[in-house]
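Everything quoted here is computed from the prediction, not taken from an experiment.
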Amino acid sequence: MANLASVMAERARREGFWPTPAFVVDENTWTHAEVHQGAAHTSTLLAAAGVARGHRVLIVVPDGIEAVWAFLATVRLGAIAVPVNPRLTPDDHAGMAADARPGLVVCSADLAGRFTSSAPVLQSEDLAATISESGAGDSDVAPPVDVGADEPAYAQYTSGTTGRPKAAVHRHADPLVYFRAFAEGAIRMDRGDVAFSVSKLFFAYGLGNSLFFPLLSGCRALLDPGPPRPDTVAGLVERHAVSVLFSVPTFYARLVAAADANAFSSLRVAVSAGEALTAVLAERARRVLGCPILDGLGSTEVGQTFASNTLDLQRDATVGRPLPPYELKVTDDAGTDVAVDQAGALWVKGPTVLVEYLGRPEATAQVMRDGWLCTADRAAIDADGFVHHLGRVDDIEVVGGINVAPLEIEAVLVAHPAVTEVAVAGVRDPMGASRLEAFVVVAPGAADGDGVADDLVALAREALAPHKVPRAVHLVDALPRTPTGKLRRFLLRTGTWGDGR
């Protein structure tokens, strides 16, 4: 049987980690057996609510055992799980419900009112109580539906950095590819690990890190339902002896600026994705975390990481090399492959490239060409096969008629010890001319703002060509980001972010 939920349950039995811990939430622990048995009982509840093969189930639940059960139960029935962020606005949730057209919504009680007009609602708080009352056995549960490996299992919404999020559909077989390519191949996860992902289950990165990888490797994972904070994350890592930490560069910058290095003695590897990890931040993170930090590149459309540095092969300021079975190429605007070290659009090919954007055939066709997916990233591949990520295609700024890549400037500015985050954008003045401006978040307790701003301009003048030097530096409390942590550079381009202009 190719049903993903059944495959993972059988693997746990066969490999002998059925009775061992799988998830820890708020000091409560569930074994792999309890996870899969709970999912089986939850599937019975979903089936009783009318969920059947091919239906979509919108899962709007914070990280926790209920989110895991709801996801696996949906997949077990041959339905399509659609996890979304419970912290989105009512309008965002209404839009996703209208787009996904679910047959059932699983959500927390406080969100139930948002979905009553969309579909029947099952409150997540009822799952644990119902399962506890029914016992932990496998009798009287809905059987797993026998589906093909290429049938849809789940869909996840893109981050929406450039427009309305779209739901990328993935197959029952895809998570096994993610696991072999990255979890086994790049970071050698096994049943002895304790994993913690700062990115949540409702993101593609977090779903692999916190659900697929633990259940396929037999290890234990922490699930934290709250918003990530440096002190909370450091405390969880220390208390539970986390060995594998997953996060994004923005959070690593906050973590290493605020946390005590003693909290991270258990780490053997830290994983970074989502945006560029600069060489400066990588060095800071290694020094504080006391372990390798591996940058990689993935996407919702591919499902997880398709290029990465690995424990065996690392190079700073790159996202590593393609992970088998994925292939990468870089093309120019005409679609022709470019030479080594030449920048262009990055394309990826592999068995987990999305089936489709849910209900959007035109959008799917726009990103696909002969089995290759256009990632909308700019990159160059060097002679050793390492991929140099140069930002998003739409990140290029045109200043005075010259193309400028913000990442190059940001890599210089972030080297300042007072800087935690920085983003550069082309801002138009009242006359319509574009000029580069930097938006900077400084570390707690940093020197006075004027001094930092002056230092950054001087730093840029020393290291960059004159047309790449920001004409203004704005100190801001935060940068505009999507719920997945990706920069919304288009908001910076308005010139109104952070200082009331």
### Task
Return yes when atom CZ of Arg461 has more than 12 non-hydrogen atoms of other residues, nucleotides or ligands closer than 6.0 Å, and no otherwise.
no
### Sidechain N-carboxylate O distance under 4.0 Å for Glu327, Arg321
no
### Exercise: do Asp193 and Ser243 side chains pair donor with acceptor under 3.5 Å
yes
### Query
With a 4.5 Å heavy-atom cut-off, do Tyr326 and Val302 have their side chains touching?
yes
### Cationic N near anionic O, under 4.0 Å, Arg435 to Glu437
yes
### Query
Have Ser199 and Ser197 got a donor and an acceptor in their side chains that come within less than 3.5 Å?
no
### Message
Please give me the minimum heavy-atom distance between Leu413 and Ala460, naming the atom from each residue.
### Response
CD2-CB, 4.1 Å
### Query
Do side-chain atoms of Thr74 reach the backbone of Ala81 as a donor and acceptor pair under 3.5 angstrom?
no
### Query
Are the side chain of Asp377 and the backbone of Leu346 linked by a donor-acceptor contact shorter than 3.5 Å?
no
### Query
Can Gln342 and Asp332 be counted as having a side-chain donor-acceptor contact under 3.5 angstrom?
no
### Query
Would you say the side chain of His240 lies within less than 4.5 Å of the side chain of Leu236, judging by non-hydrogen atoms?
yes
### Message
Any non-hydrogen side-chain atom of Ser210 less than 4.5 Å from a side-chain atom of Leu223?
### Response
yes
### Task
Keeping the roles fixed (side chain from Arg392, backbone from Thr375), state whether a donor-acceptor pair exists under 3.5 Å.
yes
### Task
To the nearest 0.5 angstrom, please state how far the CG atom of Asn209 sits from the CE atom of Met189.
8.0 Å
## Note on the structure
All heavy atoms of Glu410 vs all of Ala423, minimum pair found to be OE2-CA, 3.3 Å
### Query
Hey, are Arg493 and Glu397 close enough for a salt bridge, meaning a charged N less than 4.0 Å from a carboxylate O?
yes
### Approximate separation, where rounding is to 0.5 Å, of Trp347 CH2 and Met368 CE
8.5 Å
### Query
Is the Phe246 ring parallel, tilted or perpendicular to the Tyr205 ring (thresholds 30°, 60°)?
perpendicular
### Message
Treating Asp384 as the side-chain partner and Phe386 as the backbone partner, does any N or O pair qualify as donor plus acceptor under 3.5 Å?
### Response
no
### Message
Any side-chain to backbone donor/acceptor pair from Ser266 onto Val242? Under 3.5 Å, distance only.
### Response
yes
### Query
What is the minimum heavy-atom distance between Ala153 and Val75, and which atoms define it?
O-CG2, 3.6 Å
### Message
Under the criterion side chain to side chain contact (heavy atoms under 4.5 Å, CB included), I'd like the reasoning laid out for Leu323 against Phe306: C-alpha separation, chi angles, the key distance, then a yes or no.
### Response
CA-CA 5 Å; Leu323 298 173; Phe306 54 79; 5.9 Å; no
### Query
Step by step, would you call Leu255 with Val288 a side chain to side chain contact (heavy atoms under 4.5 Å, CB included)?
CA-CA 9 Å; Leu255 188 65; Val288 174; over 6 Å; no
### Query
What is the distance from atom CG of Leu297 to atom OG of Ser308, rounded to the nearest 0.5 Å?
9.5 Å
### Task
Establish, from distance only, whether the side-chain atoms of Arg191 and Thr20 form a donor-acceptor pair under 3.5 Å.
no
### Message
Could you go through Asp110 and Ser108, starting from their C-alpha distance and side-chain angles, then the distance that decides it, and tell me whether this counts as side chain to side chain donor-acceptor pair (under 3.5 Å)?
### Response
CA-CA 6 Å; Asp110 60 310; Ser108 53; 2.6 Å; yes
### Test log, rule side chain to side chain contact (heavy atoms under 4.5 Å, CB included), inputs Trp372 and Val367
CA-CA 8 Å; Trp372 289 87; Val367 299; over 6 Å; no
### Over 12 non-hydrogen atoms of neighbours within 6.0 angstrom of CG in Asp333
no
### Message
Please identify which of these residues, Asp92, Asp99, Thr300, Asn85, meets the side-chain hydrogen bond (donor to acceptor under 3.5 Å, both in side chains) condition with Tyr157.
### Response
Asp99
### Task
Could you tell me whether a side-chain N or O of Lys200 sits under 3.5 Å from a main-chain N or O of Asp224, the two making a donor and an acceptor?
yes
#### Entry: Rounded distance (nearest 0.5 Å) linking atom CZ of Phe439 with atom CZ of Arg489
10.5 Å
### Task
Starting at OG of Ser272, measure out to CG of Leu277 and round the result to the nearest 0.5 Å.
4.5 Å
### Query
Hey, mind stepping through His388 and Ile381 against side chain to side chain contact (heavy atoms under 4.5 Å, CB included) and telling me if it holds?
CA-CA 6 Å; His388 299 254; Ile381 300 177; over 6 Å; no
### Task
Answer yes if the side chains of Thr89 and Asp91 hold a donor-acceptor pair under 3.5 Å, and no otherwise.
no
#### Entry: Flag, side chain of Gln156 to backbone of Phe202, donor-acceptor distance under 3.5 Å
yes
### Query
Between His170 and Tyr178, how do the two ring planes meet: parallel, tilted or perpendicular, split at 30° and 60°?
perpendicular
### Task
Work out which heavy atom in Asp316 is nearest to a heavy atom in Ala282; give both atom names and the distance.
OD1-CB, 4.1 Å
### Side chains of Gln314 and Pro292 in contact at under 4.5 Å (non-hydrogen atoms)
yes
### Query
Looking at Trp30 and Ile65, what are the two nearest heavy atoms and their distance?
CZ2-CG2, 3.7 Å
### Query
Looking at Val452 and Ala418, what are the two nearest heavy atoms and their distance?
CG2-CB, 4.0 Å
### Message
When you compare the side chain of Thr318 with that of Val387, does any pair of heavy atoms fall below 4.5 Å?
### Response
no
### Query
Within the distance-only criterion (no hydrogens, no angle test), does the side chain of Asp63 pair as donor or acceptor with the backbone N or O of Leu201 below 3.5 angstrom?
yes
### Task
Decide yes or no for Leu211 and Met8: does some side-chain heavy atom of the first lie under 4.5 Å from some side-chain heavy atom of the second?
yes
### Message
Within the structure provided, determine whether Phe179 and Glu184 are in side-chain contact (heavy-atom separation under 4.5 Å).
### Response
yes
### Any side-chain heavy-atom pair of Phe251 and Val233 under 4.5 Å
yes
### Task
Please confirm whether the backbone N or O of Val237 pairs with a side-chain atom of Arg239, one donor and one acceptor, at under 3.5 Å?
no
### Salt-bridge criterion met for Glu275 and Arg481 (N-O under 4.0 Å)
yes
### Task
Consider only side-chain N and O atoms of Asp174 and Thr352, and report whether a donor and an acceptor are under 3.5 Å apart.
no
#### Entry: Donor-acceptor under 3.5 Å (Thr305 side chain, Gly298 main chain)
no
## Note on the structure
So CG of Asn309 and CD1 of Ile187: to nearest 0.5 Å the spacing works out to 12.5 Å
